[in-house]
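These notes are about the structure you will find just below.
Model, not experiment: these values are computed from the prediction. Chain letters run A, B, ... following the sequence lines, proteins first and then strands; every chain starts at 1.
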Amino acid sequence: MTLLLHDVTLTYPDGESRLTALDAVGLEVPAGTLTAVVGPSGSGKSSLLAVAATLVTPDSGRVVVAGRDTAPMSAAQKSALRREHIGIVFQQPNLLASLTAAEQLQVMAHLSGRPARQLRRRALELLDAVGLADKADKRPHQLSGGQRQRVNIARALMNEPTVLLVDEPTSALDHERGAAVLDLLVTLTRERSTATVLVTHDRAHLERMDRTVTMTDGRLADPVAAA
Amino acid sequence: MFVAWRDLRFAKGRFALMGAVVVLITLLVGLLSGLTSGLARENVSAVTGLPATHLAFAAPPGGQEVSFTRSQVPESAWRAWSGQPGVRSARPVGIRTTDAAAGERTAAVSVFGVEPAGGLAPRGLAPGQVVLSEKAAEELGGAKAGGTVRVGRLELTVAAVSGTAAYSHTPVVWADLRDWQRIGDPGTSPEAVATVVALDADGSADLAAGDRAAGTTVRTIAEALGAIGSYQAENGSLQLMRGFLFAISALVIGAFFTVWTIQRSADVAVLKALGAATPYLLKDALGQAVVLLAAGAGLGTALAAGLGALISGSDVPFVLDAPTVLVPAAVMIALGAAGAALSVRRITAVDPLTALGSAR
């Protein structure tokens with residue numbers, strides 16, 4: 001199993017008490033499949049992504065990414081895991097203002113200690129795959145919202161992740177551009193055999209998913225029992 | 001430094017502004033260093049140029065610090081020092097600031113009285129003669145060898161003009177110690193005294209025993225410079241100014257990188273979320289600071305060297321050499337990097353979770 005969350009509970013301090021963001025959540029995502037997570041605001045969807053991305057350590061439960069249990073990992077080991085195995089598509093593109101579209105991808109290689117210059121070709125191929133071959137040397141302020149979101153997706157794929165975590169990628173886009181981004185995610189998930197988790201509010205996306213789970217008050221309404 | 005280089009190119013205005021501040025502070029520190037060295041040279045070069053390792057002063061009463069102006073050592077003192085084991089030579093040196101005149105021209109000079117055959121005297125010095133430093137000769141209307149100058153109440157023949165020795169901002173005139181003793185003495189049999197005893201001692205010399213035997217207080221040449229009142233005050237003030245400039249530069253650099261780091265916290269959060277290790281981000285940010293500092297300090301040093309070359313030939317006391325221009329630049333870079341390091345360490349506190357937006 002490429003991504004496995006088993007009995008994960010996460011709480012945050014809330015005044016003198018604690019707020020339960022995830023309550024015994026279990027989720028399995030096989031390679032090459034898309035799982036949508038839907039639910040009202042504040043239900044715990046983003047917390048689920050944060051835990052899966054190893055950005056937050058749960059109070060209890062197991063998070064296994066690419067066969068590796070993250071519980072005993074140090075912060076540095078989790079950083080390495082994110083670099084090598086996890087691609088994150090942020091809700092906002094979160095591109096670095098000083099980098100061109102190609103460099104947004106090259107920096108991922110550089111983070112992994114690989115020579116960014118030698119990986120420009122791969123960056124250009126990925127930009128071509130998201131329809132931005134002619135925008136490789138443009139900076140974020142020279143791109144439209146949709147184009148920035150596609151760079152965001154391409155960046156997440158640069159290190160060939162086994163897990164792709166996507167946080168409401170179309171929320172800032174119009175219907176047409178949103179549909180194009182979704183097409184891209186479906187295609188890339190199939191072609192590159194990633195385990196993709198997509199947090200969305202848009203019910204129109206769900207028919208393209210392999211599986212949909214609903215979160216309510218930190219619980220998955222239809223969770224699949226974890227192994 | 002993948003991101004850092006691109007930030008430098010992208011935010012040219014901000015970094016150019018900060019770089020200009022570094023350039024100006026380095027220029028100021030460089031000029032101040034050259035001026036400090038120049039003033040120090042005019043204050044102490046005659047003392048530092050003595051072929052000696054130590055100077056023995058008359059022991060000051062009541063725990064006071066030694067002083068060239070108060071020191072007066074008798075002949076018995078340099079005789080006592082001559083007999084000390086490990087002391088290769090002990091030569092008396094008389095120092096007195098007075099007026100000299102050549103024809104109509106007068107100038108304030110420092111007369112250094114030494115034994116003509118004692119190893120401290122410049123070549124050509126003999127009783128009844130003086131050797132003028134170049135500046136003294138210039139201020140005395142271009143006095144030349146063979147001419148006469150009046151020092152105090154003595155008429156002395158100029159044996160030679162040589163060297164650039166200066167003491168307490170006055171040019172030096174070398175005279176025979178016996179003549180020097182007569183300059184300030186109205187009698188016919190002046191007391192056989194000198195100001196200090198210049199010692200050439202090796203490591204085995206028991207300096208404390210020498211002091212006890214001679215009734216003196218010995219100092220190394222470097223320590224002895226503190227006994228020149230004007231040097232201590234002047235050099236202390238200038239070094240204090242330099243120190244403040246270094247501190248200000250470190251604070252300014254630190255403040256700039258604090259603001260810069262806060263501004264790019266969102267980028268840092270994204271990079272952390274994407275898997276950037278904290279040491280990678282710290283190296284990136286610190287490298288950026290060092291590049292900025294090196295470029296700014298390099299340009300500031302070049303400007304200081306250029307301006308220093310222009311003014312060092314004039315009346316302004318200015319020393320242009322590697323230590324005066326390169327050391328301030330190195331200190332600027334080191335202190336600026338320290339200031340930047342304190343600022344960019346806040347990178348460690350940036351939470352990558354913020355890159356996801358609201359995660360709760």
Side-chain angles (χ1 to χ4, degrees), chain A residues 10 12 14 19 21 41-42 44-51 53-56 75-88 90-100 103-104 106-113 115-117 139 141 152 155-156 158-159 161 165 167-168 171 199, chain B residues 1-19 257 259-289 291-292 344-360:
Chain A
L10 175 69
Y12 292 113
D14 183 29
L19 182 70
S41 295
K45 302 188 297 296
S46 291
S47 292
L48 179 71
L49 276 194
V51 167
T54 71
L55 295 174
V56 176
Q77 287 171 323
K78 285 178 181 173
S79 291
L81 185 72
R82 288 199 295 276
R83 286 197 299 273
E84 304 302 333
H85 291 289
I86 301 173
I88 302 174
F90 301 103
Q91 184 174 1
Q92 300 300 323
N94 281 346
L95 303 182
L96 307 181
S98 62
L99 307 189
T100 64
E103 288 167 347
Q104 306 282 348
Q106 286 173 270
V107 75
M108 294 300 297
H110 198 259
L111 294 182
S112 301
R117 227 169 250 207
R139 290 206 167 85
H141 69 274
N152 187 14
R155 177 174 63 183
M158 182 66 183
N159 283 353
L165 304 172
D167 190 8
E168 303 194 37
S171 63
V199 166
Chain B
M1 285 190 54
F2 187 87
V3 179
W5 280 116
R6 283 151 185 84
D7 278 347
L8 282 168
R9 285 207 301 263
F10 183 68
K12 287 189 198 78
R14 268 174 286 189
F15 284 106
L17 194 65
M18 194 57 230
F257 277 100
V259 174
W260 176 243
T261 306
I262 290 169
Q263 281 183 345
R264 59 190 293 267
S265 292
D267 285 357
V268 171
V270 170
L271 286 167
K272 278 190 171 182
L274 294 175
T278 300
Y280 172 95
L281 294 168
L282 288 174
K283 201 167 75 175
D284 200 60
L286 205 53
Q288 190 178 57
V291 166
L292 179 74
V344 301
R345 77 196 158 99
R346 67 178 58 234
I347 281 174
T348 59
V350 173
D351 186 352
L353 197 56
T354 56
L356 279 182
S358 174
R360 298 184 180 191

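Contacts between A:Glu84 and chain B at a heavy-atom distance below 4.5 Å are absent for every atom of the residue. Within the 4.5 angstrom heavy-atom criterion, atoms from both the backbone and the side chain of A:Ala97 approach chain B. If you measure heavy-atom distances from B:Leu271 to chain A, the contacts under 4.5 Å come from both the backbone and the side chain. Heavy-atom distances place both the backbone and the side chain of A:Leu96 under 4.5 Å from chain B.
Interface check for chain A: of the options B:Asp267, B:Leu274, B:Leu8, B:Leu281, the most heavy-atom pairs under 4.5 Å are formed by B:Leu274. Your options are A:Gly113, A:Ser98, A:Ala156, and the one with the most heavy-atom pairs under 4.5 Å with chain B is A:Ser98. If you tally non-hydrogen atom pairs under 4.5 Å between each of A:Lys45, A:Met108, A:Lys78 and chain B, the highest count goes to A:Met108.
Side-chain contact between B:Val291 and B:Trp5 is present, with at least one heavy-atom pair separated by less than 4.5 Å. Using a 4.5 Å cut-off on side-chain heavy atoms (C-beta onward), A:Met158 and A:Gln104 make no contact. Within the 4.5 Å cutoff, no side-chain heavy atoms of B:Arg9 are placed close to those of B:Phe15. When side chains are defined from C-beta on, B:Val344 does not count as touching B:Gln288, because their heavy atoms never get closer than 4.5 Å.
Under a 4.0 Å N-O distance rule, the pair B:Arg264/B:Asp7 qualifies as a salt bridge.
Scored by the side-chain contact (heavy atoms from CB on, under 4.5 Å) test, B:Gln263 finds B:Arg14, B:Val259, B:Trp260 as partners (sequence neighbours excluded).
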